[in-house]
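One structure coming up, written as structure tokens, with questions to follow.
Just so we're on the same page: letters track the sequence lines, and every chain starts at 1.
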Amino acid sequence: MLKPAKMQCSAPRSSPFQHYKEHSEFFRVLFFLLPQARPRPNYSSIMHVRVRFAPSPTGFLHIGGARTALFNWLYARHTGGTFILRIEDTDAARNTESAVNIIIEGLRWLGLEWDEGPQTSNADGRSMGQAGPYFQSRRSAIYQARVEELKMKGLAYEHEGAVKFRMPREPITINDLVVGEVRRELTDRESKDPDFVIVRSDGQPVFHLVNVVDDLEMDITHVIRGEDHLSNTAKHIALFNAFGTPPPRYAHIPLILNTDGSKMSKRDQGASLISYMQEGFVPEAVANYLCLLGWSPKDNREILAQSEIISRFDLPQILRHNARFDFTKLRWLNWEYIRSMERDRYLKLAVSAMEQAGFDLSKVPPDYTAAALLTCKEKVQQLSELASLAGFYFRDDMTFEESVRAKEFNPESGACLLRLKSSLEALDLFSADHIQQVLKRLAAESYVKMSVFVHPLRVACTGSTTGPSLYHLVEILGKSRVIHRLDQALALCG
RNA sequence: GACCCUAUCGUCUAGCGGUUAGGACACCGCCCUUUCACGGCGGGUGCACGGGUUCGAGUCCCGUUAGGGUCGCCA
């Protein structure tokens, strides 16, 4: 089996110069003699790229599917081509409008706008593009005509009420842009009966048929999909051949596995894109992370602007092996995006995360909310962590876990809190600086470290031993709230 | 069972015959420090195994092993 060079560029395979690097001396001379020959012809200028994401609306958008969509989108943007969304809703039983909506909202959240496809989840609703309908459930006539065509050509036949396609018995060679040249032989089971069903006995066309017909009718030039379809591709190529149309270029991208290396299925943690939307992830961070699975900018950088990814992204450099999903690294990336996020956008996302966690901020002064949430901006990896980190700002009564209560509140800390209370009460200007001065002074007077006062104060104010910068949080809470909380804590000190 | 793909630190990756095998996340130590962090400095960990080819192999070839995928009247 011949494996083509991994670094083969986007140039059409027909180019005799694609391996010029391997014969540099020879071609250097050749290029000199033939100035019209370019080492890297620009693929996009030769052909207008049309790619599609074709999910089945199952009520779920798999993170791997999201990455497939992302890679298609990136390739379209990279080449100046067209990104198409097609809904493969041939299985009527489990397809609902809300299931389509999950796909649409997921893609929009990730920022993957499509150039052609539905604009709403309604199969008969508005759409963009001239190659519609973009719902397979509305393309029955097209499939029927194509099946008739195959029958006429003697390439399909009735069998027990279904229609079967005459699959070639010879091995089929797939020329994959990522995997390379793959010679696919029939399996032993297929050898017994190579022909496969393209229309079920109930009249419904099956995936292999509709997928190929749509790619053909929609002039899809590149099929970028998960590697789980690599073996099926032989069937698809055979179908294209049967229709007398050259197949598109294929690019099978590696799969995303669980951390333990097992296949990521629906039920696995983090398998659904919706979970990221709900758990405080920033779409750019998720997209950035997804890009790094199976693709690399090769310059030791992890955080990349979308525009940069678009200009660098290409199919031949995609890795061939599966990647395990590293939730910890995603969280780190998300933190990087949150901390460098523009203030107002952060506030918007932070407020909605708090509301999602059950906090009603509608009656809280906006300035207070903003100041409070801003103290946590660089401290959360997911926006959903805000509820526990900043919750104390928005609660009237502190609750203390038994362990915290036993450890932090005792006669000694009570004494500290009492002095803290009178000193803070006397403070005219309740600012972080002045509050810090008070702590410093008290510690100096008692010949103890600041932490002797810092710790009880933090626990009294926030209910926790960790949190935002103490002096700022005390300032933001304001004198009356702080005094009230000190009283509450004092009552627990015995 | 058959067919197909894959194999560099724990994870994501750089590497395209000659490297002290680089980076990131995670982890450990020290410094800074009002907590948790951030930041700074330093550290450990890797070419699955076995054969070839070659002066020289992480890199090319073959095999083994392991992982993943496919073989539906699912998509």
- Message: Is the distance from the ring center of A:Phe325 to that of A:Tyr289 below 6.0 Å?
- Response: yes
- Message: How many whole angstroms separate atom CG of A:Leu293 from atom C1' of B:C25?
- Response: 12 Å
- Indicate the ring-plane relationship of A:Tyr276 and A:Phe327, choosing parallel, tilted or perpendicular according to the 30° and 60° boundaries. tilted
- Message: For a quick check of understanding: with a heavy-atom distance under 4.0 Å over all strands, which category does A:Gly226 fall into, base, sugar-phosphate or nothing?
- Response: nothing
- Message: I'd like to know if A:Thr328 reaches the base of B:C25 with its side chain, counting only an N/O donor and acceptor under 3.5 Å.
- Response: no
- Item | Spacing of the C1' atoms in B:G22 and B:U59 (rounded, Å) | 15 Å
- Task: Assign the ring pair A:His62 / A:Phe60 to parallel, tilted or perpendicular, where the plane angle (0 to 90°) is split at 30° and 60°.
- Result: tilted
- What interatomic distance, in whole Å, is found between P of B:C71 and the corresponding atom of B:U13? 26 Å
- Message: Please pick, from B:G23, B:U34, B:C73, the nucleotide with the shortest atom-to-atom distance to any side-chain atom of A:Ser469.
- Response: B:U34
- Query: What is the distance from NE2 of A:His62 to P of B:C74, rounded to the nearest Å?
  - Reply: 22 Å
- Message: In the structure I gave you, are the side-chain heavy atoms of A:Leu230 and A:Tyr250 within less than 4.5 Å of one another anywhere?
- Response: no
- Heavy-atom donor-acceptor pair, A:Asn322 side chain to A:Pro254 backbone, under 3.5 Å: no
- Send over the distance from A:His472 NE2 to B:U34 C1', rounded to a whole Å. 12 Å
- Query: What nucleotide, of B:U34, B:C73, B:A24, holds the atom closest to the side chain of A:Val206?
  - Reply: B:C73
- Task: With P as the reference atom in both, quote the distance from B:G51 to B:A57 in angstrom, rounded to an integer.
- Result: 13 Å
- Task: Test A:Ser191 against A:Asp188 for side chain to side chain donor-acceptor pair (under 3.5 Å), laying out the working first.
- Result: CA-CA 5 Å; A:Ser191 297; A:Asp188 58 354; over 6 Å; no
- Query: Does atom NZ of A:Lys449 have more than 12 heavy-atom neighbours, drawn from other residues, nucleotides or ligands, at distances under 6.0 Å?
  - Reply: no
- Item | Short side-chain donor-acceptor distance under 3.5 Å, A:Asp433 and A:Tyr471 | no
- Item | Phosphate OP1/OP2 of B:C38: any A:Lys379 side-chain N/O under 4.0 Å | no
- Task: Output the single nucleotide from B:C5, B:C71, B:G39 whose closest atom is nearest the side chain of A:Trp335.
- Result: B:G39
- Given the P atoms of B:C27 and B:U54, what is the spacing between them in whole Å? 48 Å
- Given the C1' atoms of B:C55 and B:G68, what is the spacing between them in whole Å? 39 Å
- Rounded to whole Å, CD of A:Gln381 lies from C1' of B:A26 at a distance of 11 Å
Protein-nucleic acid N or O pairs under 3.5 Å, nucleotides 65-70 of chain B:
unit_1 : atom_1 : unit_2   : atom_2 : d
B:G68  : O2'    : A:Asn322 : ND2    : 3.0
B:G69  : O2'    : A:Asp228 : O      : 3.3
B:G69  : N2     : A:Ser231 : OG     : 3.1

- Task: Take atom CD of A:Glu336 and atom C1' of B:C38, then tell me their distance rounded to the nearest Å.
- Result: 10 Å
- Item | OP1 or OP2 of B:U11 under 4.0 Å from side-chain N/O of A:Lys329 | no
- Query: Around atom NE2 of A:His472, are there more than 12 heavy atoms of other residues, nucleotides or ligands at under 6.0 Å?
  - Reply: no
- Message: Check this one for me: any side-chain N or O of A:Arg331 less than 4.0 Å away from OP1 or OP2 of B:C12?
- Response: no
- Can A:Glu190 and A:Arg184 be counted as an ion pair, charged N to O under 4.0 angstrom? yes
- Message: Using the side-chain heavy atoms of A:Trp332, tell me which of these nucleotides is nearest: B:G23, B:A37, B:A24.
- Response: B:A24
- Decide whether A:Tyr143 and A:Thr90 meet the rule of one side-chain donor and one side-chain acceptor closer than 3.5 Å. no
- Query: Touch check for A:Phe453, heavy atoms < 4.0 angstrom, all strands: base, sugar-phosphate only, or nothing?
  - Reply: nothing
- Item | A:Thr90 side chain, from C-beta outward: closest of B:C38, B:A75, B:C12 | B:A75
- Which value, in whole Å, describes the distance between the C1' atoms of nucleotides B:G23 and B:U65? 30 Å
- Query: Paired with B:C71 by Watson-Crick or G-U wobble geometry, both distances under 3.5 Å: which nucleotide is it?
  - Reply: B:G1
- Note on the structure: Here the distance between atom C1' of B:C27 and atom CG of A:Asp326, to the nearest Å, is 13 Å
- Message: Quick check on contacts: within residues 454-461 of chain A, what sits under 4.0 Å from RNA chain B by heavy-atom distance?
- Response: A:Val454, A:Arg458
- Task: Between B:G10 and B:C5, how far apart are the P atoms? Round to whole Å, please.
- Result: 27 Å
- Query: Can you find a side chain N or O atom of A:Thr58 that sits less than 4.0 Å from OP1 or OP2 on B:A75?
  - Reply: no
- Between A:Ser296 and A:Phe196, which has a closest nucleotide on RNA chain B that is more 5'? A:Ser296
- Note on the structure: Of A:Thr259 and A:Leu330, the one whose nearest nucleotide on RNA chain B sits closer to the 5' end is A:Thr259
- Return the value, rounded to whole Å, for the distance between atom CD1 of A:Ile318 and atom C1' of B:C5. 15 Å
- Message: Check this one for me: any side-chain N or O of A:Arg339 less than 4.0 Å away from OP1 or OP2 of B:A37?
- Response: no
- Answer with base, sugar-phosphate or nothing: what part of the nucleic acid does A:Ala323 contact at a heavy-atom distance below 4.0 Å? sugar-phosphate
- Taking the P atom of each, how far is B:A7 from B:G63, in whole Å? 15 Å
- Message: Is the distance between the ring centroids of A:Phe71 and A:Phe313 under 6.0 Å?
- Response: yes
- Item | Distance below 4.0 Å between A:His321 side-chain N/O and B:U13 OP1 or OP2 | yes
- Message: Syn or anti for B:C38, given that syn means the glycosidic angle lies within 90° of 0?
- Response: syn
- Item | Ring centers of A:Phe207, A:His236 separated by less than 6.0 Å | yes
- Message: Does the structure show a Watson-Crick or G-U wobble partner for B:C27, both distances under 3.5 Å? Name it, or say none.
- Response: B:G43
- Choose from B:G23, B:G10, B:U34 the nucleotide whose nearest atom is closest to any side-chain atom of A:Asn300. B:G23
- Query: How many Å lie between CH2 on A:Trp295 and P on B:G23, as a whole number?
  - Reply: 20 Å
- Strand partner of B:A48, provided both Watson-Crick or wobble distances fall under 3.5 Å: B:U64
